[in-house]
Amino acid sequence: MVWTSHPVKRLAGAIRAPGDKSCSHRALIFGGLADGESRFTGLLEGDDVLRTGQAMQAMGAMVTRTGHGAWEVTGVGSKGLASPKGVLDFGNSGTGSRLLMGVMAGHDLTASLTGDASLCSRPMNRVLNPLRQMGLKDTAGQDGKLPFTLTGSKTLKAIRYAPPQASAQVKSAVLLAGLNAEGETVVVEAKATRDHTERMLQGFGATLSFKMEPSGAHEIALKGGQRLQGLDAEIPGDPSSAAFLIAAGLLSPQGDVTVEGVMSNPTRSGFYDVADMMGAGLGAEERGEAAGERLIDLHAGYAGLKGIAVPERLVASMIDEFPILAVLAAFATGETQVTGAEELRVKESDRIGAVVAMLRVNGVGVEETEDGFTVQGCAGLVPGGGLVETRHDHRIAMSALVMGTSAQKPVSVDDVSMIDTSYPEFMGHMATLGADIRS
Ligand code: S3P
């Protein structure tokens, strides 16, 4: 069903950031592998995370909702997961499926995995290849696409692995397999990616070691055979979801938006750094800590932005924020260039193609390249009036709806159902700020 975001003069208000998606997946997975009980508050109840909970439950952990965002997990202990009865359906979730492939590799179990059309078209060999080296068996064949069946092993071998892509999911899958492997598993990252697996595993009592190589590469090492202990934790607010609200505040002529309790972690903060380089002048106030992460309240008011060349060193730390960055670039004065972001081709959609189409259909000049795009900013006057194909991609849908709040004409999207995968409260939060989004 088509939904349309109509231009409004003022977006204002304070919103508590929804729980971080990456941390929510990890909380349910690590809780399910731990000895004893874990309790979480502020967990994201998006479809992606719920499916991870269902998968853990199907393999023997007890995952119970005790209130809004409040969940209890009774873990099975290390090597305690068992073959699930039915097929595990991960829906749209790359994170849930790939992290659990690593977990399954180190268990004596067989599981069949599937997902929606988007997930079944995404590359899984990036995770399967290192896991095969460790001892995983699979029916994926050469193309490495879901659906397929995995058989784990109690006698997994540790490896030293340097992923060819900057991917926290690949790093995490290998480290999680390493938890049950014989020997020390080492992941060598050329570029640092989000470090929630490392931080949260330590919160659950695991020991990891870190080393910087002279080349600047970063080593993460973990000895097999460690046990995790149950943890009580609050899930920090999601900087990727907060980015939509912050962008809305920056573009709104009388914008005055505060997002509370946002996780501030250098491996996730690239969008905010780039927005400031464009002239956003974001305000930040300390808000304490959650699950070992620093929290801040972020404030955005109207800002006349200017285009920039996005530094490639920041790409990994804003990998999910390029669709909404493209919207900021459309409103900015001058050109914004994105390079070194080829990973966008294999997200929930081909996000380079989807972003370019989103801007073009709304009258914004944009050029597509293999590893990015270049936007000709409209100096505040984005024509709008287009119907955006969301391509089953939640972040394209939310970006287009934010664009509509301050464009010259309304912006429509062909579907909003996927927004539930990562940010089920998005429509409510936008309405609280004063947005006019209707079907
Ligand atoms: C995630 C890692 C990133 C990111 C995804 C969440 C994670 O994917 O895009 O939304 O929680 O580890 P890649 O590992 O494919 O870069």
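As the structure is a computational prediction, the values presented were derived from the model and not from experiment. Numbering of ligands and ligand atoms starts at 1, following listing order.
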Does either side chain, that of Gln169 or that of Thr95, offer a donor lying less than 3.5 Å from an acceptor on the other one? yes
Selected option - heavy-atom contact closest to atom 9 (O) of ligand 1, from Val127, Leu344, Val346, Asp320: Asp320
Among protein heavy atoms, which sits nearest to atom 6 (C) of ligand 1, and what does the distance come to when rounded to 0.1 Å? Thr95 OG1, 3.3 Å
Which residue and non-hydrogen atom of the protein lie closest to atom 15 (O) of ligand 1, and at what distance in Å? Lys347 NZ, 3.2 Å
Give me the nearest non-hydrogen protein atom to atom 11 (O) of ligand 1 as residue plus atom name, then the distance to 0.1 Å. Ser22 OG, 2.7 Å
Just wondering, more than 12 heavy atoms not from Lys191 lying within 6.0 Å of its NZ? no
May I ask you to check whether His196 and Arg268 show a side-chain donor-acceptor distance below 3.5 Å? yes
At less than 4.0 angstrom from any non-hydrogen atom of Ser167, what atoms of ligand 1 do you find? 13 (P), 14 (O), 15 (O), 16 (O)
Test of understanding: given a 4.0 Å heavy-atom threshold, classify the contact between Arg26 and ligand 1 as side chain, backbone, both, or neither. side chain
Whether the Glu335 and Thr374 side chains hold a donor-acceptor pair (N or O, under 3.5 Å, no angle test) is what I'd like checked. no
Taking atom types as modelled and ignoring hydrogens, do the side chains of Ser83 and Thr110 form a donor-acceptor contact shorter than 3.5 angstrom? no
In plain terms, say whether Glu189 and Lys211 are close enough for a salt bridge, that is, a side-chain N and a carboxylate O under 4.0 Å apart. no
How many angstroms lie between CG in Asp89 and CG in Asp116, if you round to the nearest 0.5 Å? 7.5 Å
Out of Gln169, Gln165, Arg98, whose heavy atom sits nearest atom 1 (C) of ligand 1? Gln169
Contact partition for Arg194 relative to ligand 1, non-hydrogen atoms under 4.0 Å: side chain
If you count the atoms of ligand 1 from 1 in the order shown, which ones are under 4.0 Å from a heavy atom of Ile319? 9 (O)
